Amino acid sequence: MKPLNIAVALAVTVLIGTFGSSEAQLQMNFYGKSCPNAEKIISDHIQKHIHHGPSLAAPLIRMHFHDCFVRGCDGSVLINSTSGNAEKDSAPNLTLRGFGFVERIKTLLEAECPKTVSCADIIALTARDAVVATGGPSWRVPTGRRDGRISNSTEAFNNIPPPTSNFTTLQRLFANQGLNLKDLVLLSGAHTIGVSHCSSMNTRLYNFSTTVKQDPSLDTEYAANLKANKCKSLNDNTTILEMDPGSRRSFDLSYYRLVLKRRGLFQSDAALTTNSATLKMINDLVNGSEEKFYKAFAKSMEKMGRVKVKTGSSGVIRTRCSVAGS
Ligand code: HEM
Ligand SMILES: *[C@@H]1O[C@H](CO)[C@@H](O)[C@H](O)[C@H]1NC(C)=O
Ligand SMILES: *[C@@H]1O[C@H](CO)[C@@H](O)[C@H](O)[C@H]1NC(C)=O
Ligand SMILES: *[C@@H]1O[C@H](CO)[C@@H](O)[C@H](O)[C@H]1NC(C)=O
Ligand SMILES: *[C@@H]1O[C@H](CO)[C@@H](O)[C@H](O)[C@H]1NC(C)=O
Ligand SMILES: *[C@@H]1O[C@H](CO)[C@@H](O)[C@H](O)[C@H]1NC(C)=O
Ligand SMILES: *[C@@H]1O[C@H](CO)[C@@H](O)[C@H](O)[C@H]1NC(C)=O
Ligand SMILES: CC(=O)N[C@H]1CO[C@H](CO)[C@@H](O)[C@@H]1O
């Protein structure tokens with residue numbers, strides 16, 4: 001090829017590349033023309049209801065995480081199973097909450113602009129707005145995600161890290177989503193709000209391994225306290241406990257302080273201190289300011305919100321978030 005032809009070929013490639021990818025990208029205020037009130041309807045609904053349920057922020061941000069880790073952020077976590085095999089039916093999802101809240105927002109949006117706003121975007125926006133409404137950090141939520149129609153409990157089981165995860169497992173499952181160790185440490189910081197069931201950590205207290213009953217990486221005083229006052233037996237699957245006791249409503253650095261004190265609730269929390277790189281990140285976070293944490297957290301949240309998204313002509317816009325074929 002002559003130099004001129006090469007230049008033209010390059011320019012064409014760049015142009016195609018630019019247009020091709022701009023079509024496939026999320027963008028801020030994607031519904032600005034097609035449903036200008038969409039984002040306001042969501043934030044108004046949250047403002048109106050958050051004082052009834054200030055604890056909604058935790059399940060909603062967790063739902064966004066579970067959605068993104070299975071087939072990308074495509075709203076598939078919301079789909080009701082028809083034969084007991086949806087993501088909802090997978091062990092990690094048994095403790096998800098907030099499905100009804102998201103579906104009600106979808107109903108409001110369908111009334112305003114039918115078949116326009118995806119369930120995936122509703123989850124992403126709702127998670128952010130609920131955290132903000134409770135005084136936590138904010139992050140950018142570019143929109144334009146489209147919905148999936150497949151929800152598979154095995155895939156949820158394989159992709160969502162269990163609370164028993166060691167460092168290697170966490171690193172692998174986050175890397176599968178294009179998320180690095182920094183994202184792992186920052187996003188785990190969401191455990192500064194919300195609650196857990198005893199069933200998610202009971203084995204650390206009563207049946208850790210064939211050789212020790214109690215997880216040696218858990219602070220012994222804390223373990224004794226949990227056994228006496230919260231999770232009184234291995235079979236207790238119903239008692240609820242704070243992951244960040246005394247501070248579960250405030251989005252602060254106390255989760256990281258607890259982890260350093262060996263009082264993180266899950267093995268996955270403790271695992272973050274078993275690698276020198278992530279341990280250093282935690283020390284830096286704790287030594288830094290809440291403002292710094294919020295900034296870094298915001299970056300990782302935005303990144304998580306882009307995981308394997310369906311845009312442009314892939315995926316669909318469901319009319320009911322819980323019904324795959326709607
Ligand atoms: C790093 C791997 C992670 C593991 C192993 C993990 C595991 C868990 C478990 C077992 C629970 C308690 C469920 C229950 O028993 O009710 C929980 C709760 C929670 N998780 Fe995670 N999680 C991880 C990462 C994340 C991420 C990335 C986020 C969000 C960005 C998140 C947000 C939450 C929130 C807010 C709660 C409280 C939910 C509520 O109050 O209903 N987690 N997590
Ligand atoms: C989906 O399941 C939830 C509870 O599991 C139920 O409340 C809701 O009505 C179901 N949605 C549909 C459309 O059947
Ligand atoms: C769910 O996903 C698993 C693992 O990828 C696959 O083996 C299985 O066939 C899927 N189930 C359905 C009903 O598609
Ligand atoms: C981490 O856990 C996985 C899965 O349980 C296991 O296969 C692996 O050997 C563990 N790695 C380490 C370093 O303990
Ligand atoms: C304790 O854990 C072991 C596996 O480590 C399991 O075989 C055993 O059934 C568990 N015991 C109880 C009481 O659940
Ligand atoms: C509690 O949950 C464990 C698994 O998480 C299960 O094996 C056990 O049967 C449950 N116990 C009760 C009383 O439901
Ligand atoms: C950060 O804080 C930890 C304790 O959390 C302390 O051991 C360490 O020296 C501090 N590091 C820096 C660089 O300030
Ligand atoms: C919130 C939710 O949908 N939970 C479901 C999880 O899966 C179990 C077992 O299939 C259902 O009984 C729950 O309703």
Side-chain angles (χ1 to χ4, degrees), residues 53-69 78-82 84 86 88-89 91-104 106-107 123-124 127-128 130-131 134 136-137 139 151 159-174 177 179 181 183-204 209 231 236-244 248-249 251 255 259 264-272 274-275 278 297-298 300-305 307 318-326:
S55 58
L56 261 177
L60 291 173
I61 193 175
R62 184 170 182 237
M63 184 184 287
H64 187 30
F65 160 52
H66 282 220
D67 187 32
C68 294
F69 267 56
L78 300 169
I79 293 173
N80 278 4
S81 75
T82 43
K88 278 183 180 178
D89 301 311
N93 275 358
L94 296 180
T95 50
L96 283 179
R97 307 181 281 145
F99 293 106
F101 190 79
V102 172
E103 194 72 285
R104 276 192 293 283
K106 175 63 169 173
T107 307
I123 297 180
R128 192 266 318 272
V131 168
T134 49
W139 58 89
S151 183
N159 288 288
I160 295 171
T164 50
S165 301
N166 58 27
F167 179 80
T168 325
T169 301
L170 291 175
Q171 183 174 32
R172 178 176 58 84
L173 293 176
F174 273 64
Q177 310 299 339
L179 299 171
L181 291 181
D183 302 316
L184 167 63
V185 168
L186 288 161
L187 296 174
S188 295
H191 287 174
T192 181
I193 54 170
V195 294
S196 166
H197 292 76
C198 285
S199 46
S200 294
M201 60 83 60
N202 256 345
T203 52
R204 292 189 88 189
S209 74
C231 306
D236 181 345
N237 292 353
T238 49
T239 304
I240 282 171
L241 71 163
E242 300 162 289
M243 295 184 289
D244 183 358
R248 79 168 156 110
R249 296 249 162 104
F251 213 106
Y255 161 78
V259 167
L265 199 58
F266 308 128
Q267 279 149 272
S268 58
D269 298 319
L272 300 177
T274 63
N275 170 271
T278 51
F297 182 79
S300 287
M301 278 306 295
E302 187 180 340
K303 192 169 165 189
M304 186 181 87
V307 167
R318 297 203 298 273
T319 56
R320 295 171 81 182
C321 292
S322 57
V323 182
S326 65

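Index from 1, following the sequence. For clarity, every value in this text was computed on a predicted model and none was experimentally measured. Both ligands and their constituent atoms are indexed starting at 1 by order of listing.
- Note that CZ of F101 is 13.0 Å distant from CD1 of I123, once rounded to the nearest 0.5 Å.
- Using a 4.0 Å cut-off to heavy atoms of S188, the atoms of ligand 1 that qualify are 1 (C).
- Inside a 4.0 Å radius of atom 5 (O) of ligand 4 there is not any protein heavy atom.
- Here A58 has heavy atoms under 4.0 Å from ligand 1 in both its backbone and its side chain.
- Of all atoms in ligand 1, numbered sequentially from 1 with element shown, those under 4.0 Å from a heavy atom of A190 are 28 (C), 29 (C), 30 (C), 31 (C), 32 (C), 35 (C).
- Remark: the backbone N or O of T238 is paired with a side-chain donor or acceptor of D236 at under 3.5 angstrom.
- Under 4.0 angstrom from ligand 1, the non-hydrogen atoms of S268 all belong to its side chain.
- Taking every non-hydrogen atom of P163 and a distance limit under 4.0 Å, the qualifying atoms of ligand 1 come out as 5 (C), 10 (C).
- Between the side chain of R318 and the backbone N or O of S326 there is no donor-acceptor pair closer than 3.5 Å.
- Only the side chain of M243 comes within 4.0 Å of ligand 1, counting heavy atoms alone; its backbone N, CA, C and O stay farther away.
- Summarising the contacts of atom 15 (O) of ligand 1 with P161, S200, S199, the nearest heavy atom is found in S200.
- The presence of a protein heavy atom under 4.0 Å from atom 11 (N) of ligand 4 is confirmed.
- Of the possible donor and acceptor atoms, none in the side chain of R249 sits under 3.5 Å from a partner among the backbone N and O of T134.
- Heavy-atom contacts of I61 reach the following atoms of ligand 1: 35 (C) (cutoff under 4.0 Å).
- Ligand 1 is never approached by R248 to a heavy-atom distance shorter than 4.0 Å.
- Interface atoms of ligand 4 facing T169, defined by a heavy-atom separation under 4.0 Å, are 1 (C), 2 (O), 3 (C), 4 (C).
- Closest heavy-atom approach to atom 42 (N) of ligand 1 among the candidates Q267, R62, H191, M304: H191.
- Between the side chain of K106 and the main chain of S322, no donor-acceptor pair closer than 3.5 Å is present.
- Close contacts between ligand 4 and T168 involve ligand atoms 11 (N), 13 (C) [criterion: under 4.0 Å to a heavy atom].
- The line from OG of S196 to CE of M243 is 6.5 Å long, rounded to the nearest 0.5 Å.
- Distance check for atom 14 (O) of ligand 4: a protein heavy atom is found below 4.0 Å.
- S165 does not count as a contact of ligand 1, since none of its heavy atoms falls under 4.0 Å from the ligand.
- Of all atoms in ligand 1, numbered sequentially from 1 with element shown, those under 4.0 Å from a heavy atom of L170 are 1 (C), 2 (C).
- Counting the atoms of ligand 1 from 1 in the order shown, those under 4.0 Å from a heavy atom of G194 are 37 (C), 40 (O).
- No donor-acceptor pair under 3.5 Å is formed between the side chain of Q177 and the backbone N or O of V307.
- The ligand atoms of ligand 1 that sit less than 4.0 angstrom from a heavy atom of H197 are 14 (C), 15 (O), 16 (O).
- Considering CG of L170 and CG of D269, their distance stands at 9.0 Å, rounded to 0.5 Å.
- Test M201, E242, H191 against L265 for side-chain contact (heavy atoms from CB on, under 4.5 Å) and you get one pass: M201.
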Inset, instruction - Test R128 against M301 for side-chain contact (heavy atoms from CB on, under 4.5 Å), laying out the working first. - result: CA-CA 9 Å; R128 192 266 318 272; M301 278 306 295; over 6 Å; no
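- Here the protein heavy atom with the shortest distance to atom 8 (C) of ligand 4 is N166 ND2, 3.7 Å.
- No side-chain N or O of S199 forms a donor-acceptor pair with one of N202 less than 3.5 Å apart.
- Under the 3.5 Å distance criterion, the side-chain polar atoms of T278 are matched with a main-chain donor or acceptor of L272.
- Side chain of S300 to main chain of F297: no donor-acceptor pair is present (N/O by atom type, distance under 3.5 Å, no hydrogens or angles).
- When each atom of ligand 2 is checked for a heavy atom of V323 under 4.0 Å away, the hits are 13 (C).
- When each atom of ligand 1 is checked for a heavy atom of P162 under 4.0 Å away, the hits are 5 (C).
- The two residues F167 and A271 come nearest to each other via the heavy atoms N-CB, 3.6 Å.
- The distance criterion of under 3.5 Å between nitrogen or oxygen atoms is not met by R320 with respect to ligand 2.
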